[in-house]
Undergrad: 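First the structure, then my questions, so here it is.
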Amino acid sequence: MKRINITRPSITDLEIGYVQDAIANGWGDQCYEYIKRFEQSFPAYLGANHGLATSSCTGAIHLALMALGVKAGDEVIVPETTWIASVEPVLYIGAKPIFVDVLEDTWCIDPVKVEAAITEKTKAIIVVHLYGNLVEMDEIMAIAKKHDIKVLEDAAEGLGSEYKGQKVGSIADAGVFSFHGTKTMSTGEGGIVVTNSKETLERASILNDHGRDPKVGKTFWMEDYGYKYKMSNLQAAMGCAQVERLEELVAKKRLIFEWYKEGFAERDDIAINAEQAYAKNSCWMPTALFDKALNVDRDGLIAHLKANNIDSRPFFYPLSSLPMFEKVKENRVAYSIFDRAINLPSHHELEKEDIDTVCRKVIEYIS
């Protein structure tokens with residue numbers, strides 16, 4: 001039986017050609033050419049002004065938070081439901097993550113709970129467009145403006161999603177994306193910081209070059225230490241090709257999601273990714289949430305799918321449930337959904353019959 005993988009990048013001759021060119025010619029005075037090109041083309045796709053390519057989205061978050069002025073002792077509001085990479089850079093800096101509950105429909109951070117969590121120590125809010133679902137950005141940005149705090153959009157899972165006509169990642173003070181091999185577009189590993197602020201870009205760029213400021217004009221001179229989260233020219237070459245195909249890649253993700261909607265259409269006890277009337281969900285990772293009354297054994301379902309050559313993933317654990325944090329049990333929604341939801345296959349080579357098989361096997365188990 002054919003194995004239905006959960007995700008993998010879509011690679012064509014375009015990507016192969018660009019990477020081969022980078023390998024053959026991307027040295028000496030050409031060693032940054034694809035990076036420069038990528039740092040222009042990716043923000044242009046979003047409608048943003050600036051981009052700084054990085055070796056990972058985790059590194060992009062770290063640089064962005066520091067560029068936005070987050071320091072040790074500050075508080076940063078974060079969603080309870082997300083991958084830990086959204087929060088680890090807060091800890092790198094010595095700041096404190098404040099875990100806030102999520103909404104029941106989008107599984108994204110709850111703006112009402114955000115405002116309630118703000119203190120005099122709050123420096124920033126990190127929002128995450130989970131699985132392609134969209135954060136209520138108007139409410140978040142209004143709260144941030146009211147309290148004079150910064151907002152960082154973690155759009156690693158939301159590439160191609162649009163909020164009221166604006167692509168996510170370009171709305172807040174800065175945005176970050178991941179190009180891991182599981183994402184809608186990939187550079188193998190990698191990430192990027194995007195911003196409309198020249199000042200934020202310059203701060204992040206200095207930090208990403210060991211603290212070197214090009215305005216000083218002294219080779220090998222640093223006013224302060226920095227970091228190195230740089231993307232390679234080879235990765236950027238693949239990224240340039242993927243950006244050219246982004247509309248196609250996002251369209252296929254949305255088509256796959258439509259097939260899932262059809263497959264679960266007769267089940268009112270299975271909820272899948274939400275899409276507000278004023279939004280466009282890029283549907284990076286189709287996710288099924290099962291009604292409590294079904295009493296679904298999530299791990300049993302994952303094992304059942306695996307036995308039928310179908311890959312899946314569990315929903316994210318509430319971050320505060322992890323051993324290194326103190327539990328925030330009042331984050332009721334996050335704690336109520338994690339063990340009754342799974343991520344489903346969605347890579348670009350899947351066809352409708354594959355999705356029909358996945359839906360059939362899910363329904364077979366829960367029935």
Side-chain angles (χ1 to χ4, degrees), residues 42-43 46 48 51-68 70 75-93 95 97-103 106-111 113-114 117 122-137 139-141 143-144 149-163 166-180 182-186 189-196 200 204 229 273 279 281-282 284-285 287 315-319 334 343:
F42 186 82
L46 300 174
L52 177 67
T54 58
S55 56
S56 70
C57 186
T58 309
I61 294 170
H62 191 191
L63 294 173
L65 288 174
M66 290 187 293
L68 293 174
V70 175
E75 292 181 351
V76 178
I77 292 172
V78 298
E80 180 72 83
T81 301
T82 183
W83 175 231
I84 195 169
S86 303
V87 175
E88 284 171 327
V90 176
L91 304 174
Y92 299 166
I93 293 168
I98 304 298
F99 298 107
V100 166
D101 208 359
V102 297
L103 296 168
T106 63
W107 317 320
C108 294
I109 200 164
D110 184 338
K113 302 289 177 60
V114 167
T122 305
K123 185 70 175 185
I125 305 165
I126 296 176
V127 299
V128 179
H129 299 289
L130 195 74
Y131 303 134
N133 298 358
L134 288 102
V135 175
E136 296 294 350
M137 290 305 299
E139 295 174 48
I140 292 295
M141 297 308 293
I143 291 166
I149 53 182
K150 299 295 186 180
V151 178
L152 173 61
E153 276 182 276
D154 181 346
E157 302 175 8
L159 178 56
S161 289
E162 296 179 12
Y163 178 81
Q166 194 168 358
K167 286 190 169 64
V168 302
S170 68
I171 302 169
D173 297 287
V176 294
F177 291 84
S178 168
F179 306 121
H180 184 267
T182 61
K183 296 301 188 290
T184 298
M185 68 159 277
S186 177
E189 280 281 3
I192 197 167
V193 180
V194 294
T195 181
N196 290 314
T200 300
Y229 290 124
N273 306 54
N281 191 328
S282 61
W284 167 64
M285 188 71 75
T287 299
F315 198 88
F316 290 131
Y317 290 95
L319 282 181
N343 304 140

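These numbers come from the heavy atoms of this one structure, side chains and all, not from hydrogens, waters or symmetry mates. These numbers were taken from a predicted model, which means no experiment stands behind them.
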Undergrad: How long is the straight-line distance from CD of Glu153 back to CE of Met137, given to the nearest 0.5 Å?
TA: 4.0 Å

Undergrad: With rounding to the nearest 0.5 Å, note down the distance linking CZ in Phe99 to OG1 in Thr81.
TA: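 Going from CZ on Phe99 over to OG1 on Thr81, the span is 10.5 Å.
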
Undergrad: Donor-acceptor pair, Ser161 side chain versus Gly132 backbone, under 3.5 Å?
TA: yes

Undergrad: Spell out, as yes or no, whether a donor-acceptor pair under 3.5 Å connects the side chain of Asp173 to the backbone of Val151.
TA: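 Confirmed, Asp173 side chain pairs with Val151 backbone.
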
Undergrad: I'd like to know whether Thr122 forms a side chain to side chain contact (heavy atoms under 4.5 Å, CB included) with Ile98, so could you lay out the CA-CA distance, the side-chain angles of the two residues, the decisive distance to 0.1 Å, and finally the verdict.
TA: CA-CA 9 Å; Thr122 305; Ile98 304 298; over 6 Å; no

Undergrad: Side chain of Trp107, backbone of Asn273: donor and acceptor closer than 3.5 Å?
TA: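 Not a single qualifying donor-acceptor pair exists.
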
Undergrad: What pair of heavy atoms forms the shortest contact from Val135 to Ile140, and how long is it?
TA: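 For Val135 versus Ile140, the nearest heavy atoms are CG1-CG1, 3.9 Å.
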
Undergrad: Looking only at non-hydrogen atoms, find the nearest pair between Ile143 and Val114 and report the distance.
TA: CG2-CG1, 4.4 Å

Undergrad: Test side chain to side chain contact (heavy atoms under 4.5 Å, CB included) on Ile109 and Val128; report intermediate values, then the result.
TA: CA-CA 7 Å; Ile109 200 164; Val128 179; over 6 Å; no

Undergrad: Between atom CD of Glu157 and atom SG of Cys108, what is the distance when rounded to the nearest 0.5 Å?
TA: 9.0 Å

Undergrad: Between Ala204 and Ala67, what is the shortest heavy-atom contact and its length?
TA: N-CB, 3.8 Å

Undergrad: Measuring from Leu103:CG to Glu136:CD, what's the distance to the nearest 0.5 Å?
TA: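 One gets 7.0 Å once the value is rounded to the nearest 0.5 Å.
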
Undergrad: Are Val90 and Ile126 close enough that some pair of their side-chain heavy atoms sits under 4.5 Å apart?
TA: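 With C-beta onward as the side chain, the pair touches.
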
Undergrad: Verify, without hydrogens or angle tests, whether Asp101 (side chain) and Glu80 (backbone) share a donor-acceptor contact under 3.5 angstrom.
TA: no

Undergrad: Please find the pair of heavy atoms, one from Leu68 and one from Lys150, that lie closest to each other, and give the distance.
TA: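 Shortest heavy-atom contact: O-CG, 3.8 Å.
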
Undergrad: Look at the rings of Tyr131 and Phe315 and say which category their plane angle falls in: under 30° parallel, 30 to 60° tilted, over 60° perpendicular.
TA: perpendicular

Undergrad: Mind checking whether His129 and Tyr163 have side chains closer than 4.5 Å, heavy atoms only?
TA: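 Contact flag for His129/Tyr163 side chains = no.
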
Undergrad: What's the verdict on side chain to side chain contact (heavy atoms under 4.5 Å, CB included) for Thr58 and Tyr92, showing C-alpha distance, side-chain angles and the deciding distance?
TA: CA-CA 11 Å; Thr58 309; Tyr92 299 166; 3.8 Å; yes

Undergrad: Under 3.5 Å, side chain of Ser282 to main-chain N/O of Leu159, donor-acceptor pair present?
TA: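 Present.
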
Undergrad: Please report the closest heavy-atom contact between Leu134 and Ala279, naming both atoms and the distance.
TA: CD1-CB, 3.7 Å

Undergrad: So, the side chain of Thr82 versus the backbone of Pro79: is there a donor-acceptor pair under 3.5 Å, distance only?
TA: no

Undergrad: Does the Ser178 side chain pair with the main chain of Gly191, one donor and one acceptor, at a distance under 3.5 Å?
TA: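 No: the side chain of Ser178 does not pair with the backbone of Gly191.
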
Undergrad: Rounded to the nearest 0.5 Å, what separates atom CD1 in Ile61 from atom OH in Tyr229?
TA: 10.5 Å

Undergrad: If you round to the nearest 0.5 Å, how far is CG of Leu52 from OG1 of Thr195?
TA: 10.5 Å

Undergrad: Using a 4.5 Å cut-off on heavy atoms from C-beta on, say whether the side chain of Val78 contacts that of Leu319.
TA: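 Counting from C-beta outward, Leu319 and Val78 never come under 4.5 Å.
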
Undergrad: Would you please test His180 and Glu189 for side chain to side chain contact (heavy atoms under 4.5 Å, CB included) and show each step?
TA: CA-CA 4 Å; His180 184 267; Glu189 280 281 3; 3.4 Å; yes

Undergrad: What are the two closest heavy atoms between Asp154 and Ser86, and how far apart are they?
TA: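 It is OD2-OG, 2.7 Å.
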
Undergrad: Do the non-hydrogen side-chain atoms of Asn133 and Asn281 ever get within less than 4.5 Å of each other?
TA: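 Sidechains of Asn281 and Asn133: in contact.
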
